[in-house]
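To start, the structure under review is shown below, and the notes come after it.
When a residue number appears, it is its place in the shown sequence, counting from 1.
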Amino acid sequence: MLSREGTHGPVVHALNQTARDRGIHAGDRVVDAQAIHPDLHIEPADLRGDELLMQRLVHWARRWCPWTALDAGDGLVLDVTGAVHLFGGAEALLRDICQRFAMQGLSARVAMAPTRGAGRALARFGPALSRCGPGDVSIALAPLPVAALGLSADTARLLHRLGLKTIGDLAQVPRVSMMRRFANLAATDNPLILLDQALGRAAEPLNAPPDPQHFIARARLAEPVMDPTPYMAALSADLCHALAQAEQGARQLRLTIYRIDGESLSVSRATARASRDPAHLVRLFDDQLSGVDPGFGFDLITLEALRAEPLARVQSELDGKRNADADMAGLLDRLTARLGKERVSWPVSAQTHMPERVAGRVAALEHAPGDMVRPPRERPVRLLLPPEEVQVIYAVPDGPPSQFRWRRVVYKTARFQGPERIAPEWWRDRPGTRLRDYYKVEVADGRRFWVYREGLPDDRRGGTPRWFLHGLFA
């Protein structure tokens, strides 16, 4: 069983047939289900992964027809008008759809109907594999619950209170009285409008997303060769020309070499920013082609942009100056190609008050320097991680230490600035974590330290407050 966050805690997101047989439904609170069935195995749902999978399935389903779209986030709708005969009829097409999904490790409930609304209702609330003709729509939909029309939970609950539990009950009610009651509802939640669309009385067009653009350049060779380097310039130029026509730039590239023995070798590269400079793209593969094992030779080379981003045409500067941003991006690309993505990184700052959690590093190809978050206050140039405890010889009440010992050396405070109080982050820190009062302390020889007192004498979260040195100022 899968769970997701709800208004009042985790709720059931998806479940298998065994859980359904126990009376558990999607939307139930997890704590309630576990109280009745302690042996339930619950995992958090990957909502983003499910969304990406459905988006891929939308385009994968175009093996059966050119018009496919997502339906309600967890279903697919296909307009197979004119394509049924290509698969040997409706029954053969439905069986092929079930078999293809089973080959992908997925189970599917499929239905075919003259209208989109009828097909959705039969697939979700009818038999696992159902089909109805143009003259059988009203008969097939009559025993289904009103929720099969795609109504919201509130509207379906209202219809149940009125005694209208099935689509057949709704179809028999006089329309005049129903229209007055539901006149203020949106068209996507109006039961009469949805009923008309399901019965074919109103149009429900299918808005299919366009096919994703695929940019690839190929070099087909008449005879096997051993070195791909001479063909890289032409491949890169062809790919960049295709990208320029679509005003796109490559962010991720893959070079694939196909050997005559059936084996293939691939090398992937990424760029810090969208690019369609042929010379720059060729340089990204300079150090990788020398180690490629050609075997008995290869006769096909492909260079494709796995990921592309919009990149408008830009006129060169009239003063002839170079673009510093483009030069920096090109340097990052070459360093990453030579050293690896994990070795080329930017320093970044996170949105947090705790100093030890602010600093971090991310891959330079994934984040631009402008993504860095600057701390709101002055911070030391060097932080000690973890902070080092100091022995306070004498402390001013509610102030900094007058003298303290750090690493066997005694320092006397000449001047100070503070305090800056930093409270624990309750959503992340453990209960009982004590607050901190930070001071910028300058000692007699001019050095400046960043020290803090952990806790207060009367905070009831521990014993005597402790002092730590956390950083050194320039």
Side-chain angles (χ1 to χ4, degrees), residues 328 331-332 335-336 339-459 461-474:
M328 175 61 71
L331 175 62
L332 290 177
L335 290 177
T336 303
L339 303 176
K341 183 175 67 173
E342 67 282 354
R343 296 179 180 271
V344 184
S345 59
W346 292 112
V348 297
S349 300
Q351 291 281 14
T352 178
H353 297 291
M354 306 306 292
E356 62 270 21
R357 298 173 183 165
V358 171
R361 303 191 72 86
V362 294
L365 292 186
E366 299 177 0
H367 298 269
D371 297 338
M372 294 189 294
V373 180
R374 301 295 181 183
R377 298 175 180 267
E378 181 187 3
R379 290 293 183 254
V381 295
R382 179 188 175 190
L383 283 180
L384 302 180
L385 298 176
E388 298 184 12
E389 188 170 3
V390 297
Q391 288 76 41
V392 174
I393 299 176
Y394 176 74
V396 179
D398 296 329
S402 177
Q403 294 183 17
F404 62 93
R405 178 184 290 111
W406 175 57
R407 295 183 179 179
R408 303 180 182 180
V409 179
V410 177
Y411 297 92
K412 184 176 181 180
T413 301
R415 57 182 59 87
F416 71 91
Q417 180 181 351
E420 177 189 349
R421 177 161 293 181
I422 298 180
E425 297 177 339
W426 57 266
W427 61 93
R428 182 182 299 176
D429 293 319
R430 296 180 300 175
T433 302
R434 311 181 79 174
L435 57 81
R436 303 176 183 177
D437 282 336
Y438 279 86
Y439 295 90
K440 298 177 184 177
V441 175
E442 182 176 332
V443 297
D445 60 2
R447 283 182 290 177
R448 295 191 301 160
F449 301 95
W450 203 36
V451 299
Y452 70 87
R453 180 182 60 241
E454 185 181 64
L456 298 174
D458 56 350
D459 59 3
R461 293 193 172 190
T464 304
R466 303 165 62 191
W467 287 87
F468 293 86
L469 192 149
H470 203 169
L472 309 174
F473 288 94

My understanding is that only residues two or more places apart in sequence, or in another chain, count here; which of them pass salt bridge (Lys or Arg N to Asp or Glu O under 4.0 Å) with [X]?
X      : answer
Arg408 : none
Arg405 : none
Arg466 : Glu389

Nearest heavy-atom pair of [X] and [Y]: which atoms, and what distance?
X      : Y      : value
Val381 : Phe473 : CG2-C, 4.2 Å
Pro465 : Pro457 : CG-N, 3.7 Å
Met354 : Arg436 : CE-CZ, 3.5 Å
Trp467 : Pro400 : CH2-CA, 3.9 Å
Pro355 : Tyr438 : CG-OH, 3.6 Å
Thr464 : Arg434 : O-NH1, 4.0 Å

Should [X] and [Y] count as side-chain neighbours, where that means a heavy-atom distance under 4.5 Å?
X      : Y      : result
Pro424 : Leu435 : yes
Thr433 : Arg428 : no
Lys440 : Glu420 : no
Leu385 : His470 : yes

First locate atom [atom1] of [X], then atom [atom2] of [Y], and finally report the distance between them rounded to the nearest 0.5 Å.
X      : Y      : atom1 : atom2 : value
Gln391 : Phe404 : CD    : CZ    : 11.0 Å
Arg453 : Arg421 : CZ    : CZ    : 7.0 Å
Leu472 : Trp450 : CG    : CH2   : 11.5 Å

Exercise. Sequence neighbours excluded, which residues qualify as side-chain hydrogen bond (donor to acceptor under 3.5 Å, both in side chains) partners of Arg430?
Worked result: none
For this session: Return the set of residues passing side-chain hydrogen bond (donor to acceptor under 3.5 Å, both in side chains) with Gln417 (not counting sequence neighbours), or none when no residue passes.
Result: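 Testing Gln417 for side-chain hydrogen bond (donor to acceptor under 3.5 Å, both in side chains), a comparison that skips the adjacent residues, returns none.
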Exercise. Which residues satisfy the ring-ring contact (aromatic ring centres under 6.0 Å, His included) test with Phe468, sequence neighbours excluded?
Worked result: Tyr452
